[in-house]
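See structure below.
Heavy atoms only: backbone and side chains are in, while hydrogens, waters and symmetry mates are out. As the structure is a prediction and not an experimental result, all values here were calculated from the model. Chain naming here is simple, since letters A, B, ... match the order of the sequence lines and numbering starts at 1 in each.
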Number of protein chains: 2
Amino acid sequence: MFQALAAATRRDILRRTIDREQSVSDLASEYDMSFAAVQKHVAVLEAAHLIVKRAEGRERLVRANPEMIARARALLAHYEALWRGRVDRLDALLAENP
Amino acid sequence: MFQALAAATRRDILRRTIDREQSVSDLASEYDMSFAAVQKHVAVLEAAHLIVKRAEGRERLVRANPEMIARARALLAHYEALWRGRVDRLDALLAENP
DNA sequence: GTAACGTACAACCAAATGGTTGCACAACGA
DNA sequence: TCGTTGTGCAACCATTTGGTTGTACGTTAC
């Protein structure tokens, strides 16, 4: 998941598809690279479940999956909570030895 | 930053150094790879400011930088906020046309 | 003083990544 | 029907990544 978020282009695709559903071609037209390159980025995001695709005729409409973004955020929040826990233990220690 | 978070080993180093300050050797002993490999992971995390190092004699003590973890989390929260904004706009639209 | 320890860094290697072009194929439009 | 459009996938290529070993150098212990 973090691997999928690592490339700037993919984060940008995520940003655009949060705004509104877009076809793969729509997305490809926004970047200075081949359609195939963008299609691969979309595939990576899809594999990480950061986006979902929906078929509409010959188009594939892409939209961000906020649930998965929330999950990434929760993981980082968990790291912070661990740190907070350390502080809390330190606080407890200081309370014991004032 | 997300690139730095992309490797599982580095996230694990982050987790360990949130818990408590540890030397590079301490960290290296935890993984089934060479010292140099771990040292490189630490260097990547340091370049992303996800950890900070402190010299103590010949040792380099590593600790996580919760400020930067918070920043990563905030970025993801921002993405979610964009999505929320979309929903809010939709809500406003529905309110206009009940 | 010297041996051992902790760290950094260079050189190298295999595998993954991010890009390309080309091709196949389904869906749409004239 | 037939050309065009939208998509996916394979093959290929250069660069990056994640690992290795070896070397150098400052710090600590004896």
message = Return the OG1 to CG distance between Thr17(A) and Asn65(A), rounded to the nearest 0.5 Å.
response = 10.0 Å

key: OH on Tyr79(B) to CZ on Arg11(A), rounded to 0.5 Å   = 5.5 Å

remark   = In 5'-to-3' order, the base (B), backbone-only (S) or no-contact (-) status of each nucleotide in nucleotides 5-18 of chain D, using a 4.0 angstrom heavy-atom cut-off, is BSBBB--------B

message = Taking atom CZ as the centre, does Arg15(A) end up with more than 12 heavy-atom neighbours from other residues, nucleotides or ligands that are less than 6.0 angstrom away?
response = yes

message = For Glu30(B), is the CD atom crowded, meaning more than 12 foreign heavy atoms sit under 6.0 Å from it?
response = yes

message = Are Leu5(A) and Leu76(B) packed together at the side-chain level, in the sense that at least one heavy-atom pair is separated by less than 4.5 angstrom?
response = yes

message = As a test of your reading of the structure, name each stem of DNA chain D as range with range, where a stem is three or more consecutive Watson-Crick or G-U pairs at under 3.5 Å.
response = C:1-30 with D:1-30

Verdict with supporting geometry, Ser23(B) and Asp26(B), side chain to side chain donor-acceptor pair (under 3.5 Å) = CA-CA 5 Å; Ser23(B) 75; Asp26(B) 288 345; 3.2 Å; yes

note = Exactly one of Glu59(A), Glu21(A), Glu46(A) clears salt bridge (charged side-chain N to carboxylate O under 4.0 Å, His left out) with Lys53(A), and that residue is Glu46(A)

query = For Glu56(B) and dT7(C), what is the distance between atoms CD and P respectively, to the nearest whole Å?
reply = 11 Å

task = Would you tell me if any nitrogen or oxygen in the side chain of Ser34(B) comes within less than 4.0 Å of OP1 or OP2 on dT20(D)?
result = yes

Within 45° cone of Tyr31(B) ring axis and under 6.0 Å: Arg16(B) NZ or CZ = yes

